[in-house]
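These notes are about the structure you will find just below.
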Number of protein chains: 2
Amino acid sequence: MAELLDRTVAQTYASWFRALADPTRVQIVEYLARHAQAMSVGEIVAAIGLAQSTVSQHLKILTEVRFVLVEPIGTARHYRINDACVGCFPSAADVVMGRPAPSPNGAC
Amino acid sequence: MAELLDRTVAQTYASWFRALADPTRVQIVEYLARHAQAMSVGEIVAAIGLAQSTVSQHLKILTEVRFVLVEPIGTARHYRINDACVGCFPSAADVVMGRPAPSPNGAC
DNA sequence: ATCGTTTATCGGCGATAGACGATCAACGTT
DNA sequence: AACGTTGATCGTCTATCGCCGATAAACGAT
């Protein structure tokens, strides 16, 4: 008894945590999560205060794990939080801390 | 309005997520969290199946962020989950996802 | 004092991460 | 058609990660 957590699940969770393993990305996600409407890259760059290429890289990493979603608006691209992750990411934190996921969490 | 999350807080959260940015560490923490009593390094090595030095390094990283605690038992060292983190780490995940921490969480 | 056991630390390796400036691609405007 | 704006990608740099074998350190037992 007391097996290890399934390796594939552990890899998925680790990829989520790795996406937030940088303080700038933590700030970006938290910032987007508190904003109902999507924001352009320029707005995010202004808020963060790093180079545009750097912010773009961070946004790429966050979209790869689907923490944020993109939609093109004309020549701009608007980023917003993925509401599905708002629910299932904290429950992943619960699982790692030994509490089995309470909700159905079919989202992710 | 809509300021960024405080940089110091973001750095603390990022360090927590970075500690779990590796699937092996996810498995170690989840494994310890489901075990009420502390475990020796040898037992953890047997469960994980990597080299002893590798596991020891992972345990060092996890103790640095205080996800796990150590106590020396004779010549051995027993690791166990830090119960304080069981509560406050998932609430950090909530904060990043835009939900202000509900509990007082004076633990961490 | 010498083993054997248990765990931490060191050194090295290839791989990945984060930052930046520069460049490219898309597109609306003049 | 040339231009300006917006954002992604490239190339480079340095730093850190994750793994391993080898070694060191602590300590109980012989």
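Chain A is the first sequence line, chain B the second, and so forth, proteins listed ahead of strands; every chain is numbered from 1.
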request  = May I have the distance from B:Ile48 (atom CD1) to D:dC19 (atom P), rounded to whole angstrom?
outcome  = 10 Å
inquiry  = Going by salt bridge (charged side-chain N to carboxylate O under 4.0 Å, His left out), name the pairs with one or both residues in residues 67-90 of chain B, residues two or more places apart or in two chains.
reply    = B:Glu71-B:Arg80
query = Judged by atom type as modelled, is there a donor-acceptor pair below 3.5 Å linking the side chain of B:Arg34 to the main-chain atoms of A:Glu3?
reply = yes
ask   = Does A:Ala93 have any side-chain contact (heavy atoms from CB on, under 4.5 Å) partners at least two apart in sequence or in another chain, and if so, which?
value = B:Phe89, B:Pro90, B:Ala93
Atom pair distance, as rounded to whole Å: NE2 in A:His58 and C1' in C:dC20 = 11 Å
ask   = To the nearest Å, how far apart are B:Glu71 CD and C:dT6 C1'?
value = 16 Å
inquiry  = For a quick check, with a 4.0 angstrom heavy-atom cut-off, what is the B/S/- contact string for nucleotides 1-17 of chain D, read 5' to 3'?
reply    = -----SBBB--------
ask   = the helix from C:dA1-D:dT30 to C:dT30-D:dA1: angle between its terminal axes, five pairs each, to 10°?
value = 10°
inquiry  = Please report the distance, rounded to the nearest Å, between CD in B:Gln11 and P in C:dG18.
reply    = 13 Å
key: Qualifying side chain to side chain donor-acceptor pair (under 3.5 Å) pairs with a residue from residues 58-70 of chain B, counting only residues at least two apart or across chains   = B:Arg25-B:His58
query = What about A:Val68 and A:Val70, same hydrophobic cluster or not, with Ile/Leu/Val/Met/Phe/Trp/Tyr joined at side-chain heavy-atom distances under 4.5 Å?
reply = yes
key: Transitive ILVMFWY side-chain link B:Ile48 to B:Met39, under 4.5 Å   = yes
request  = Would you kindly confirm whether A:Val86 and A:Val65 end up in one hydrophobic cluster when ILVMFWY residues are joined by side chain heavy atoms under 4.5 Å apart?
outcome  = yes
task = Could you tell me the separation between the CG atom of A:Leu20 and the P atom of C:dG18, rounded to a whole number of Å?
result = 11 Å
key: Nucleotide C:dA8, atom C1' - distance to CD1 of B:Ile73 in whole Å   = 17 Å
inquiry  = Suppose the criterion is side chain to side chain donor-acceptor pair (under 3.5 Å): which pairs have a residue in residues 37-57 of chain B, not counting sequence neighbours?
reply    = B:Ser40-B:Glu43
